[in-house]
Structures are given as C-alpha cells and as structure tokens.
Number of protein chains: 2
Amino acid sequence: MSKSTQREDHLKALYALAHGHASTWVSTSQMAVHLGVKPPSVTAMVQVLSELGWAEHRPYHGARLTATGRKLALSLVRKHRLWETFLVQRLGFGWEEVHDIAEQLEHVDSLELVERLDAYLGHPKSDPHGDPIPKADGTFHPEGEICVLADLDPVVRCKVKGVRDGSDDTLSAMSARGISLGSTLLPEDITTFPVTWLDQLLVCKAQE
Amino acid sequence: MSKSTQREDHLKALYALAHGHASTWVSTSQMAVHLGVKPPSVTAMVQVLSELGWAEHRPYHGARLTATGRKLALSLVRKHRLWETFLVQRLGFGWEEVHDIAEQLEHVDSLELVERLDAYLGHPKSDPHGDPIPKADGTFHPEGEICVLADLDPVVRCKVKGVRDGSDDTLSAMSARGISLGSTLLPEDITTFPVTWLDQLLVCKAQE
DNA sequence: TTGGATTTTTAGTCACGTCTAAAAATGCAC
DNA sequence: GTGCATTTTTAGACGTGACTAAAAATCCAA
C-alpha cells in the first residue's frame, strides 16, 4: 500500500495529464514539468508506481494508469475538491486561494474524515471551480464528466459525446453500426466493439 | 525556517514532556519513548532543533525549548486543538477518535487557514478534551493555563497558583516577602526575585 | 573515590526521493 | 536506411531521518 505524499503527487500528475483516462500514455518529461522536478526523478517514481500496481511503465514510451491507480487518483481528486469546497463555502476563502491548501489537505489519510466532510458539505456534485467531485466509489455523478469509453468502469449505458482522432473509415464503420453523436450505447453492444474504438469514443453516462 | 513534519513532531514532544515550560529539561530517551523512535534519532533531531534555534541541547543532560521554539510549539498545539474542535463540533466525530486525524491536519501550513478556522468555530477557548487553545499570539486566554513563572512571556501581572519542589526555607522566604497562594505578583516585583524562584512559582495571568 | 550499570552520543548503514552527468533508445531529416 | 538531435533511462551522489552497534559520559553504590 505504502502511501506517501510524493507517490500520491506523481499519481495525480499522471491522472491530470492523461485527463483522467487510464488509456492515455503520458511522457515522464511532461510529468516532470507538471511536478516541477527533473525527468530522472519521475522515471524513478514511475517505476515505484509500477511496482505498486498503480501505473504501467513502458520504457522510452511513457506511463499510464492502471485501474487501481485511477481509482486511487480519483480518491485524491475527490478529497482535493471536497476540501476546496469546504475552504470556499465554509471558511470564506476566494476560489483562487484554495488550491495550495487543498493540495496539503488532500494527503490527510482518513476515509472517515472524507465521508463526514462530504456529508457536512451536503454531498456537493462539483467544487468551487465547477469541476465535478468523484463519488466515494470512484465514479462521477451521472450528469458528470465525459470520458473515453475505455475508462468507463463499470461499463454502463452511456451516450456518445464525440470521437477522438476519428479517421474517415473509423467514422463510417461506426455509422454503419448506428453509432453517432448522441446515440446511446448498451453494455452488451460495447463488448462487441473493435478494441480500438474503446480509446476513440468519448462518452458520458446516460441517465437511468 | 525549514519546517517539516518530523521537526515539528519532535518540537511538540519536547513541549509536551516539559508541560509547556521553556525552563524544563527533557531527556532524549523520554522523547524517544514519546515519539516511538530510538534515542539516537532524537539526539540527531534535537541537534537540528538546536541549529534552528528552537531548542537548547546540553549533551548528556537533555533538551529544552527556547522562547522561539515554545512559540512554534504553541502554534502547533493551537492548530491541533482547533482541528479537534472542528472534527468533533462540526463533523460529529467522537472526542476519542480525533487525535490521529488532528495530528495530520496540524502540519498543514497556512496561517490564513488557522485564523479562518478559529473564526469559523467562534474562537473557542478550549478543545473537546477541555484543554485550552492558545491564541494566535501564543498566549492562553486569561483564565487559561498555569505555568511556571519563568515561562511567563511577556512578564505580566499574575496570580500565584502553587510552588513546585518548595523546600521549607524557600516557602518561608517567599512568605517573608508576602507571597502565598493567590497573591498577585507585579512585573516590577518579579524582577527582584531570586532566580531559583522563577522555576518554582506556578502562576497564571491575572485578569486585567 | 572508584567501579560497574545506565544513559546518551557518535559512527556507520539504510531507505526515500531528489539531483547531475553520461549512456541508451527513439525518431526525424536527408 | 543512415546519422544526428532529442528524449528517456541508468549510474552515481546527496540530504533527510530513521536504525544498530560501539564508544563516551554520567550516576550510584560500596
């Protein structure tokens, strides 16, 4: 398990630069810039994350989150945004002042604390910046974020919001199966999709 | 300045074992037991605290707080007790559950945060355990703590609450000068006391 | 006051997370 | 495809803060 502020910070950087996608590769130098450290330090830490099962490291290529790592990153984002909400809503901070403080508060380790804070704040759906707050189970509220289909976990009914890097033949292949902007995807259909589509379809959860 | 959780924890241990007195010597092994580390580690850290000007180290004798160190320790105690108050009063934790969490929260570095938290909680005078919360300037509320005369900083009018290790002749010498339980000491008198009395007289601030 | 038990410090090692400098892999231009 | 520029990793070092084992200081008892 072995948490530590540094490990958590690197995990968060990976999450942020991959825009929350477990499928996106991020270069160690990108992470280095984001974290304000030198690339070799990131390489070392990414290897640690890899041993912890939080990330996958492909040498000379980059790193990406594992499912476990993404869940963990999400719990950090949750804590960060709940604390920001607290700081602004209850302590009267300006929304631009709270990031650095929340950065520290998010590393406090107590599940009970997070859940009570969440309840105290009335289970807010988004933080003062308007960013959505992940739920305790690592999912977003239904009306929440757009994500890549590959990141939909668990696989549920969802709506198509866009296609990334969609080449013409990919798009026409999708059309051929009745997939277009706004169409609803069912779990049983998703499992029959070509694997490459999973990284290309941008979706959000459909309301129940 | 160079804060760090470890330095702060050692400083707090010193403060706690000296019962908040800048005049009391504490052995490194006492601190080691309190912190759950081995004595050599404490020796090393005490030397660091000494370089930082937070403590004085007399080899083979022990360590004690400097005025600066005591102020810093007080600010940590203040943060700890404010957070405990928050956890119990606002988040509904039981008073016995909050220590470990407050232990983490107290290391969050933001003056603004502490002051806003204090205001949010209505400037509480004591925490859920009944322990007094130091004010931002490092003093206790007037009806607050009993301390050794030597620790009264700045020296102000105060009331005698007791005498530590008072031998018979010390006590009679004090009586001879009109000092007894409950009597009020004036700053201009205090400066004329024998130095040894400063470590023996227990006092609290007199109301204005 | 001297000797032995105890306490404390010093010396040397280790893990973590950073760094710089050098080597290795990648990839783009030609 | 070969070669060079760029990116990334490896190698080796350092600071912090912990440890164990050994040396030094202190304290107490005879």
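Basis for what follows: all heavy atoms, side chains included, without hydrogens, waters or symmetry-related copies.
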Inset, instruction - Could you verify whether a donor N or O on one side chain and an acceptor N or O on the other, from H21(B) and D199(B), lie under 3.5 Å apart? - result: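 Side chains of H21(B) and D199(B): no pair found under 3.5 Å.
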
Inset, instruction - Using only heavy-atom distances, determine whether the side chains of H80(B) and D127(B) contain a donor-acceptor pair under 3.5 Å. - result: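 Per modelled atom types, H80(B) and D127(B) side chains form no pair under 3.5 Å.
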
Legend entry - DNA chain C contacts made by residues 24-32 of chain B, counting heavy atoms under 4.0 Å: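 Nucleic-acid contacts, sorted: S27(B), T28(B), S29(B).
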
Quick one: side chains of residues 108-117 of chain B, donor-acceptor pairs under 3.5 Å with protein atoms, not counting sequence neighbours, listed by atom name and distance.
from: S110(B); atom 1: OG; to: L113(B); atom 2: N; distance (Å): 3.1
from: E112(B); atom 1: OE2; to: R116(B); atom 2: NE; distance (Å): 2.8
from: E112(B); atom 1: OE2; to: R116(B); atom 2: NH2; distance (Å): 3.2
from: E115(B); atom 1: OE1; to: R78(B); atom 2: NH2; distance (Å): 2.7
from: E115(B); atom 1: OE2; to: R78(B); atom 2: NH2; distance (Å): 3.3
from: R116(B); atom 1: NH1; to: L91(A); atom 2: O; distance (Å): 2.9
from: R116(B); atom 1: NH1; to: G92(A); atom 2: O; distance (Å): 3.0

Inset, instruction - For D189(A) and T192(A), work out which heavy atoms get closest and say how close. - result: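 Closest approach of D189(A) to T192(A), heavy atoms only: O-OG1, 2.6 Å.
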
Inset, instruction - Of all the heavy-atom pairs spanning C158(A) and L149(A), show the shortest one and how long it is. - result: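 Looking at all heavy atoms of both residues, the closest pair is SG-CD1, 4.1 Å.
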
Between the protein and nucleotides 17-21 of chain D, are there any N/O to N/O pairs under 3.5 Å, and if so, what are the atom names and distances?
from: dG17(D); atom 1: OP1; to: S4(B); atom 2: OG; distance (Å): 2.9
from: dG17(D); atom 1: OP2; to: R7(B); atom 2: NH1; distance (Å): 2.8
from: dC19(D); atom 1: OP2; to: K38(B); atom 2: N; distance (Å): 2.9
from: dC19(D); atom 1: OP2; to: S41(B); atom 2: OG; distance (Å): 2.4

Legend entry - Residue pairs involving residues 11-32 of chain B (criterion salt bridge (Lys or Arg N to Asp or Glu O under 4.0 Å); sequence neighbours excluded):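 Salt bridge (Lys or Arg N to Asp or Glu O under 4.0 Å) check on residues 11-32 of chain B returns K12(B)-E103(B), K12(B)-E106(B).
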
Inset, instruction - Could you tell me whether the phosphate oxygens of dT9(C), OP1 or OP2, come under 4.0 Å of any side-chain nitrogen or oxygen in H57(B)? - result: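 Checking dT9(C) against H57(B), a side-chain N or O does come within under 4.0 Å of OP1 or OP2.
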
Inset, instruction - Verify the contact: side-chain N or O of Q47(B) to OP1 or OP2 of dT10(C), cut-off strictly under 4.0 Å; return yes or no. - result: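 Answer is yes, contact under 4.0 Å.
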
Inset, instruction - Return the angle between end axes of the helix from dT1(C)-dA30(D) to dC30(C)-dG1(D), with five pairs used per end and rounding to 10°. - result: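 Result, rounded to 10 degrees: 10°.
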
Inset, instruction - Assess R7(B) against W54(B): is NZ or CZ under 6.0 Å from the centre of the six-membered ring, and within 45 degrees of the ring's axis? - result: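 R7(B) over W54(B) ring: no.
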
Legend entry - Value rounded to 0.5 Å, distance of CZ in R58(A) from OG in S50(A):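 Interatomic distance, R58(A) CZ to S50(A) OG, rounded to 0.5 Å: 13.5 Å.
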
Atom [atom1] of [X] to atom [atom2] of [N]: distance rounded to whole Å?
X: L52(B); N: dT16(D); atom1: CG; atom2: P; answer: 10 Å
X: Y60(A); N: dT9(D); atom1: OH; atom2: C1'; answer: 4 Å
X: D9(A); N: dG17(C); atom1: CG; atom2: P; answer: 11 Å
X: L49(B); N: dT9(C); atom1: CG; atom2: P; answer: 13 Å
X: R58(B); N: dT7(C); atom1: CZ; atom2: P; answer: 18 Å

Inset, instruction - Taking side chain to side chain donor-acceptor pair (under 3.5 Å) as the test, write out the residues that go with Q6(A), two or more places apart. - result: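 None.
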
Inset, instruction - Evaluate the ring planes of Y120(B) and F86(A), with Trp represented by its six-membered ring, and classify them as parallel (under 30°), tilted (30 to 60°) or perpendicular (over 60°). - result: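 Rings of Y120(B) and F86(A): perpendicular, as their planes differ by over 60°.
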
Legend entry - Backbone N/O of S126(A) and side chain of R81(A): donor-acceptor pair under 3.5 Å: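 No, R81(A) side chain to S126(A) backbone: no donor-acceptor pair under 3.5 Å.
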
